[in-house]
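In what follows, a structure is listed as structure tokens, so that the remarks can point back to it.
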Amino acid sequence: MIKIDKLEKNLKIKFNDKSLLTKSLTHKSANQKYNNERLEFLGDRVIGLVISKKLIDLYPTETEGILDKRFAMLVNRKVCCDVAWSIKLQDYIITGNQKKKITKKDEKILSDGCEALIGALYIDQGFERTKDFIIKIWKKDIDKSSITVLDSKTKLQEYSLKYFKKLPLYNLIGSEGPRHSPTYKISVSIIGSKKFVGIGKSKQQAEQDGATKLLKNKNIY
């Protein structure tokens with residue numbers, strides 16, 4: 001039996017309906033009918049809404065494509081698992097195997113439990129309280145999102161798709177140097193631009209170099 005009072009103390013939350021909290025921590029292996037799957041479904045949507053709004057507020061000038069990448073970095077299974085671990089949810093999740101010790105390798109169980117907890121909190125205490133809780137426990141990851149830097153190829157691709165509905169065009173011009181360590185030259189262009197030649201020790205490096213030159217020429221940041 002989980003220690004509800006201890007968990008509430010750790011979370012700094014008092015549930016009005018204790019059974020909701022218990023249900024959010026009950027894995028389907030413990031009970032096929034009374035488990036956290038529906039709460040997980042709800043919590044996933046609530047987290048998505050809160051994180052989306054936070055990113056819009058933090059980065060008012062960024063494009064939808066960049067926001068989407070930041071969002072994906074904040075709501076994936078690994079991050080949800082890490083968040084669950086940070087609030088010690090592993091000590092309270094109920095599984096069918098009572099002797100099982102949940103570890104960080106149990107990403108799905110932890111991630112699902114975290115989402116279910118959010119779903120339960122939303123039902124129990126409403127959106128504002130839940131929003132504050134999500135922002136608090138996601139703070140470390142939200143702060144890290146500020147240093148995310150998109151590579152030049154990705155940035156150029158997003159720009160070209162947004163304005164021209166076509167991908168940038170890359171063409172291998174050739175390579176120089178010894179076979180074991182060649183230097184590649186690759187041209188890159190988008191609609192309305194001239195070709196820019198990228199140089200690198202790999203084709204990927206040369207493409208990145210060419211994309212960077214084109215972005216600088218177009219003042220795309």
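Predicted model only: the values in this text are computed from it and were never measured.
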Is there a donor-acceptor pair under 3.5 Å between the side chain of [X] and the backbone N or O of [Y]?
X: Asp124; Y: Asn16; result: yes
X: Ser111; Y: Lys108; result: no
X: Trp85; Y: Gln90; result: no
X: Gln208; Y: Lys153; result: yes
X: Asp151; Y: Thr154; result: yes
X: Asn35; Y: Asn31; result: yes
X: Asp209; Y: Gly200; result: no
X: Glu115; Y: Arg45; result: no
X: Asn36; Y: Leu39; result: no

To the nearest 0.5 Å, what is the distance between [atom1] on [X] and [atom2] on [Y]?
X: Leu7; Y: Phe15; atom1: CG; atom2: CZ; answer: 8.0 Å
X: Asp68; Y: Leu55; atom1: CG; atom2: CG; answer: 10.0 Å
X: Leu58; Y: Leu67; atom1: CG; atom2: CG; answer: 10.0 Å
X: Phe71; Y: Ile47; atom1: CZ; atom2: CD1; answer: 9.0 Å
X: Thr22; Y: Leu25; atom1: OG1; atom2: CG; answer: 7.0 Å
X: Ile137; Y: Cys80; atom1: CD1; atom2: SG; answer: 9.0 Å

Could you give the side-chain donor-acceptor pairs of residues 159-170 under 3.5 Å, partners two or more places apart or in another chain?
residue, atom, partner, partner atom, Å
Ser160, OG, Lys166, O, 2.4
Lys165, NZ, Lys162, O, 3.4

Closest approach of [X] to [Y] (non-hydrogen atoms, all atoms of both residues):
X: Gly210; Y: Phe196; value: O-CB, 4.0 Å
X: Met73; Y: Val79; value: O-CG2, 3.0 Å
X: Lys78; Y: Glu107; value: CG-OE2, 3.8 Å
X: Leu110; Y: Thr103; value: CD1-O, 3.5 Å
X: Leu215; Y: Ser152; value: CD1-O, 3.6 Å
X: Cys114; Y: Val83; value: SG-CG1, 3.9 Å

When you look at [atom1] of [X], are more than 12 heavy atoms from neighbouring residues, nucleotides or ligands closer to it than 6.0 Å?
X: Lys6; atom1: NZ; answer: no
X: Lys203; atom1: NZ; answer: no
X: Lys54; atom1: NZ; answer: no
X: Phe127; atom1: CZ; answer: yes
X: Lys18; atom1: NZ; answer: yes

Report task. Begin from the C-alpha positions of Ile13 and Gln125 and carry the test side chain to side chain contact (heavy atoms under 4.5 Å, CB included) through to its verdict. Result -> CA-CA 10 Å; Ile13 292 172; Gln125 301 193 18; 3.6 Å; yes
Query raised in the report: If you measure only the distance, is there a donor-acceptor pair under 3.5 Å linking the side chains of Tyr59 and Ser145?
Result: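 Their side chains do contain a donor-acceptor pair, which is all the 3.5 Å distance test asks for.
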Query raised in the report: Regarding Thr95 and Asn97, is there a side-chain donor-to-acceptor distance under 3.5 Å anywhere?
Result: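 There is no such pair between these side chains.
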Enumerate, atom names and distances included, each donor-acceptor pair closer than 3.5 Å involving a side-chain atom of residues 176-190, sequence neighbours excluded.
residue, atom, partner, partner atom, Å
Ser181, OG, Lys201, NZ, 3.2
Thr183, OG1, Lys201, NZ, 3.3

State, with a plain yes or no, whether a side-chain heavy atom of [X] is found less than 4.5 Å away from one of [Y].
X: Ile87; Y: Asn10; result: no
X: Ser24; Y: Leu21; result: yes
X: Ser193; Y: Leu214; result: yes

Requested in this report: Report the C-alpha separation of Asp91 and Lys3 in whole Å, then their side-chain angles, then the decisive distance to 0.1 Å, and conclude whether the salt bridge (charged side-chain N to carboxylate O under 4.0 Å, His left out) test is met.
Outcome: CA-CA 9 Å; Asp91 296 335; Lys3 298 175 181 176; over 6 Å; no
Requested in this report: Salt-bridge test for Asp112 and Arg77: reply yes if a basic N is under 4.0 Å from a carboxylate O, no otherwise.
Outcome: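 No, this pair does not count.
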Report task. Given side chain to side chain contact (heavy atoms under 4.5 Å, CB included), test Val46 with Leu121 step by step and report yes or no. Result -> CA-CA 10 Å; Val46 177; Leu121 183 60; over 6 Å; no
Query raised in the report: Would Asp5 and Lys9 satisfy side chain to side chain contact (heavy atoms under 4.5 Å, CB included), going step by step from the backbone distance to the final call?
Result: CA-CA 6 Å; Asp5 291 343; Lys9 184 177 180 181; over 6 Å; no
Report task. Determine, using the 4.5 Å side-chain heavy-atom cutoff (strictly less than), whether Ile109 and Phe41 are members of one ILVMFWY cluster. Result ->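 No.
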Report task. Spell out, yes or no, whether Tyr34 and Ile123 are grouped together once hydrophobic residues are joined by side-chain heavy atoms under 4.5 Å, including indirect joins. Result ->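 In one cluster with Tyr34: Ile123, no.
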Report task. Start with the C-alpha gap between Glu40 and Lys28, add the side-chain angles, then the distance that decides, and say whether salt bridge (charged side-chain N to carboxylate O under 4.0 Å, His left out) holds. Result -> CA-CA 11 Å; Glu40 171 213 332; Lys28 65 181 178 181; over 6 Å; no
Query raised in the report: Are Asp132 and Lys136 close enough, and set up right, to give a salt bridge (charged side-chain N to carboxylate O under 4.0 Å, His left out), and what steps lead you there?
Result: CA-CA 6 Å; Asp132 292 343; Lys136 182 178 75 172; over 6 Å; no
Requested in this report: Output, in order, the C-alpha distance, side-chain angles, deciding distance and verdict of salt bridge (charged side-chain N to carboxylate O under 4.0 Å, His left out) for Lys131 and Glu128.
Outcome: CA-CA 5 Å; Lys131 180 192 73 173; Glu128 287 300 320; 3.1 Å; yes
**Report entry** Evaluation steps, side chain to side chain contact (heavy atoms under 4.5 Å, CB included), between Leu117 and Phe133
**Finding:** CA-CA 11 Å; Leu117 173 66; Phe133 181 70; 4.3 Å; yes
